Amino acid sequence: MKIMPNRMDRGFQMYQQEFEEKALEVLRSGWYVLGKEVSAFEEEFAAYTGAAHCVGLASGLDALWLAFRILGIGKGDEVIVPGNTYIASVMGITINGATPVFVEPDEYFSLDADRIEEKITSRTKAILAVHLYGIPCRMDQIVDLCRKYRLRLVEDCAQSHGARYKGQMTGTFGDVGCFSFYPSKNLGAFGDGGAVTVKDQALADAFRMYRNYGSEKRYYNKVVGANSRLDELQAGLLRVRLKHMEEITKERQEIAAYYSAHLNNPLLKLPVARNDTTCVWHQYVVRCEERDRLMDFLSSRNIGTIIHYPIPPHLSEAYQYLGYQKNSLPITEHLADTVLSLPIYNGITEEEMEQVVHGINHFQ
Ligand SMILES: *Cc1c(COP(=O)(O)O)cnc(C)c1O
């Protein structure tokens, strides 16, 4: 049996009839952009996270760059961001001309809150906390630093739908929570989609204006905005999935618990949840000094795995202009060389999980 690193068809099959009914309903409605499905989804997602407002957008990257644009962060400003993250986190900052200042990770992969303060300068305007792999960052300390230095706080929740820190949902700690609904995310659409959660009505209004060419009233454009609207079809399908979010998350937690209970290869380091958090396991990421050999070994046993992420943003070609050399972020770079994501998806079978465990435990 061949095991793929991800199987999005399984997540579709779980609620196939509901998805198909909703898709037909939207197709037949005659209304496809910014209508009642988007409004209903925004209300339901705000209620789910506990945020005051949600605004649907076209992608997670749009959520990020629009957040910094609307908060007025641009050229000459610095934003603290984890070195170990998906490159979109960094692009949200640099699209606005602002400078990313990278912080090394702690053992929970994202940014080490103890290393933030030393990076704060007079130009620092914001912290971007990324809840990577669905493990919440240490938010109490990050929130305190933002208060102390009067910094904006943006959360990249593209991998953390439903994850909680001390009982509070990620996406509700700072000024803006940025979500992606890319199909493979924990709350996935059937195409691209994104959203922001905010406390403040004025901020919500600004996102609504920016996502629609900078206009509040048709053909009256206040700012140079974007075309970044969540469409009705995706919003409708997201509403179907959101209704089942509790069981979707629980299943991921059970898969992670299964791996943690059964993997026993001393060559591997398993991921652990941070204290006082509820992790949602967007990925289950193990570390192995001989990662490439492990990956080949698993592949020879028909077990597909992926690396999230093989090239850290500061070393990617896109960011050559920032001038980083190899070894400038040694912990981040070591993770890029040693991390491996095991298959974790809704609808995974017991046999598939057993095969993954069996394969890994036989690696020597
Ligand atoms: C997926 C992802 C994004 C970008 O979301 P898109 O919807 O693909 O634009 C941003 N940050 C992180 C951490 C992600 O995983």
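Keep in mind that this is a model prediction, so the values were computed, not measured.
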Query raised in the report: Is a side-chain donor-acceptor pair under 3.5 Å present for T332 with E104?
Result: yes
Query raised in the report: When Ile, Leu, Val, Met, Phe, Trp and Tyr are grouped by side-chain heavy atoms lying under 4.5 Å apart, directly or through other members, which residues fall in the same group as Y149?
Result: I80, V101, V103, L111, I116, I120, I127, M139, I142, V143, L145, L151, L153, Y165, F173
Report task. Any side-chain hydrogen bond (donor to acceptor under 3.5 Å, both in side chains) involving residues 47-57? Give me the pairs, sequence neighbours left out, ordered by first then second residue. Result -> none
Query raised in the report: Would you say the side-chain atoms of H131 and T170 include a donor-acceptor pair closer than 3.5 Å?
Result: no
Query raised in the report: Got a salt bridge between K269 and E107, using NZ or NE/NH1/NH2 to carboxylate O under 4.0 Å?
Result: no
Query raised in the report: Are E25 and K22 close enough for a salt bridge, meaning some N to O gap below 4.0 Å?
Result: yes
Report summary line: Residue set satisfying side chain to side chain contact (heavy atoms under 4.5 Å, CB included) with E333, at least two apart, ordered chain then number -> P312, H314, L315, K326, N327, S328, L329
Query raised in the report: Do other residues, nucleotides or ligands put more than 12 heavy atoms under 6.0 Å from K217 NZ?
Result: no
Query raised in the report: Quick one: salt bridge (charged side-chain N to carboxylate O under 4.0 Å, His left out) partners of E43, sequence neighbours excluded?
Result: none
Report task. Please lay out, stage by stage, how Y108 and T277 fare under the test side chain to side chain donor-acceptor pair (under 3.5 Å). Result -> CA-CA 12 Å; Y108 306 97; T277 64; over 6 Å; no
Requested in this report: Only one of R150, K199, R152 passes salt bridge (charged side-chain N to carboxylate O under 4.0 Å, His left out) with D175; say which it is.
Outcome: R152
Report task. Could you walk me through whether R10 and E251 pass the salt bridge (charged side-chain N to carboxylate O under 4.0 Å, His left out) test, one step at a time? Result -> CA-CA 13 Å; R10 297 275 181 81; E251 187 184 16; over 6 Å; no
Query raised in the report: After noting the C-alpha distance and the side-chain angles of F19 and R241, does the key distance pass the side-chain contact (heavy atoms from CB on, under 4.5 Å) rule?
Result: CA-CA 8 Å; F19 285 131; R241 219 189 289 262; 4.0 Å; yes
**Report entry** Contacts of type salt bridge (charged side-chain N to carboxylate O under 4.0 Å, His left out), residue E246, not counting sequence neighbours
**Finding:** none
Query raised in the report: Should side-chain heavy atoms under 4.5 Å link Ile, Leu, Val, Met, Phe, Trp and Tyr, which residues sit in the same cluster as L27?
Result: none
Identify every side-chain donor-acceptor pair in residues 177-189 under 3.5 Å, counting partners at least two apart or on other chains, and give the distances.
{"from": "S180", "atom 1": "OG", "to": "Y182", "atom 2": "N", "distance (Å)": "3.1"}
{"from": "N186", "atom 1": "OD1", "to": "H282", "atom 2": "ND1", "distance (Å)": "2.9"}
{"from": "N186", "atom 1": "ND2", "to": "V280", "atom 2": "O", "distance (Å)": "3.0"}

Requested in this report: Determine the sole option in R239, R229, R208, K36 for which the salt bridge (charged side-chain N to carboxylate O under 4.0 Å, His left out) test with E42 is passed.
Outcome: R208
**Report entry** Pair E351, Q355: side-chain N/O donor-acceptor within cut-off below 3.5 Å
**Finding:** no
Report summary line: For R138, the salt bridge (charged side-chain N to carboxylate O under 4.0 Å, His left out) test, sequence neighbours excluded, returns D114
Requested in this report: Can you sort out the partners of D231 under side chain to side chain donor-acceptor pair (under 3.5 Å), two or more places apart, ordered by chain and number?
Outcome: none
Requested in this report: Using the ring-ring contact (aromatic ring centres under 6.0 Å, His included) rule, collect all pairs that involve residues 220-259, keeping only residues at least two apart or in two chains.
Outcome: Y15-H244, Y258-H262, Y259-Y284
Query raised in the report: How about S29 and E232: does a side-chain donor come under 3.5 Å of a side-chain acceptor?
Result: no
Query raised in the report: Is atom NZ of K243 surrounded by more than 12 heavy atoms (other residues, nucleotides or ligands) closer than 6.0 Å?
Result: yes
**Report entry** With sequence neighbours excluded, residues passing side chain to side chain contact (heavy atoms under 4.5 Å, CB included) with A23
**Finding:** L233, L237
Query raised in the report: Just wondering, more than 12 heavy atoms not from I311 lying within 6.0 Å of its CD1?
Result: no
Report summary line: Applied to residues 330-364, the ring-ring contact (aromatic ring centres under 6.0 Å, His included) test, sequence neighbours excluded, yields F297-F363, H358-H362
